[in-house]
Asker: 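Dumping the structure here so I can ask a few things about it.
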Amino acid sequence: LALAAYIPAAKDGFAGRFIKLANDIDFADKQFKPLFIGTMLLEGTLDGDGHTVKNIAYTAVNSYEAAVGAIDGTGLLRNFRAQGQISTAVANTGAITSKVYGRLENCENLVDLTATKGAGHSGFGYFYHGARADKVVNRATITGANGQLAGISHNVSDMGCTFTDCANYGTIKSTSTATSCNNFGGLVANLANACALELTDCYNRGKISSETTKSGTSGLAGITAYYSAGSTLRNCVNYGLVHSDKNVFPAGITGTYKGTPTEAKPVLLTNCHNYGDIEALGNQGVGIMGCAAAWVTIDSCSNRGDITGGW
């Protein structure tokens, strides 16, 4: 609490310095406050050193809040684990981080996130130009009342973002039946500005579930709801159930495209495999890619899951 009070008062992002946890921190029966929210970003290094911040209980007040908050382009969050519960009625809320311009390394989310309003909720929030996630894992349940739900990032908004050796084990689900309730992914949900995406050695073991009662036109997939021109997915695997009541393009790996691939910016899926069942109730479903555009190469990929549904 002292650190959470100090950061906005001193306007200190710890540029060129580091914070290191020496022990687990338990917030049972204690008030929790996020660290880098509002105009503040982590500009230095926060090293959890393998310890856990436990029993977080927090209700988001504004958009772009999370337990740690925003990571600057010079910032690094590593070896960090958090557990607890965050509830929100505003858009764009994260569990551990809310905005990532810099790097996440060896981080694990066990903070269940429950949203009753707004779109855009995930374990680690919005990713911006050049953001990197290495060995980042979500094990919590992400529940939303609208679209853009994911285990790692609900919105990748600019070029150069990479996800390496990342995984989702948590359930990604919505309580809404609205048409707009779409864009669900085990790792990534939405791609703003049709930006390219790079995922390597990533996998999903969580259930991805949409219960909308009207047909939507967006993606729903074990790895990423969307791909776009210049995207590359290598060695990505889905083991989780992908369930859709009405959404178009439910798939094991990726749903559909945002930004048409070109000869100069082709799309590559290589050595990607689906073992999870696809329940495409009221629409079509597929093992690898829900909708393939021109200049897409699918190489050495396979489906072993059962696919049921249809119109």
Asker: Just so I know, are the side chains of L233 and T270 near enough to count as touching, which here means a heavy-atom distance under 4.5 Å?
Answerer: no
Asker: Can you tell me how far apart OG1 (T114) and CD (Q85) are? Round to the nearest 0.5 Å.
Answerer: 4.0 Å
Asker: Looking just at side-chain N and O atoms, do R132 and T162 make a donor-acceptor pair shorter than 3.5 Å?
Answerer: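 No, no side-chain donor-acceptor contact under 3.5 Å.
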Asker: For the residue pair Y275 and Y239, categorise the inter-ring angle as parallel (less than 30°), tilted (30 to 60°) or perpendicular (more than 60°).
Answerer: parallel
Asker: Going by distance alone, is a donor N or O of one side chain under 3.5 Å from an acceptor N or O of the other, for T232 and R234?
Answerer: no
Asker: Any chain of hydrophobic side-chain contacts (each under 4.5 Å) joining M289 to L220?
Answerer: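 In one cluster with M289: L220, yes.
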Asker: Do Y64 and N92 meet the criterion of a side-chain donor-acceptor pair at a distance under 3.5 Å?
Answerer: yes
Asker: Side-chain contact test, heavy atoms from C-beta onward, threshold under 4.5 Å: evaluate it for N190 versus K258 and give yes or no.
Answerer: yes
Asker: Do T143 and D112 have side-chain heavy atoms sitting under 4.5 Å apart?
Answerer: no
Asker: Do the side chains of K99 and T97 get nearer than 4.5 Å, heavy atoms only?
Answerer: no
Asker: With a 3.5 Å cut-off and no angle check, do the side chains of N155 and Y126 form a donor-acceptor pair?
Answerer: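 Judged by distance alone, the side chains do pair up.
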Asker: Kindly compute the distance separating CG (D201) from CG (N271), expressed to the nearest 0.5 Å.
Answerer: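 Spacing of CG (D201) from CG (N271) equals 9.0 Å.
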Asker: How many angstroms lie between atom CZ of F163 and atom OG1 of T224, to the nearest 0.5 angstrom?
Answerer: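 Rounded to the nearest 0.5 Å, the CZ-OG1 separation comes out at 8.0 Å.
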Asker: Distance only, no hydrogens: is a donor on one side chain within 3.5 Å (strictly under) of an acceptor on the other, for S87 and T59?
Answerer: yes
Asker: Between N204 and N238, do the side chains contain a donor N or O and an acceptor N or O under 3.5 Å apart?
Answerer: yes
Asker: Ignoring hydrogens and angles, state whether a donor on the side chain of H154 or S122 is under 3.5 Å from an acceptor on the partner side chain.
Answerer: yes
Asker: Out of curiosity, F249 CZ to T254 OG1, how far, rounded to the nearest 0.5 Å?
Answerer: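 Going from CZ on F249 over to OG1 on T254, the span is 11.0 Å.
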Asker: Inspect the contact between K135 and E105 and indicate whether a charged nitrogen and a carboxylate oxygen are less than 4.0 angstrom apart.
Answerer: no
Asker: Starting at OG1 of T171, measure out to CG of N138 and round the result to the nearest 0.5 Å.
Answerer: 9.5 Å
Asker: Kindly say whether E43 contributes a backbone atom to a donor-acceptor pair with the side chain of T74 at under 3.5 angstrom?
Answerer: yes
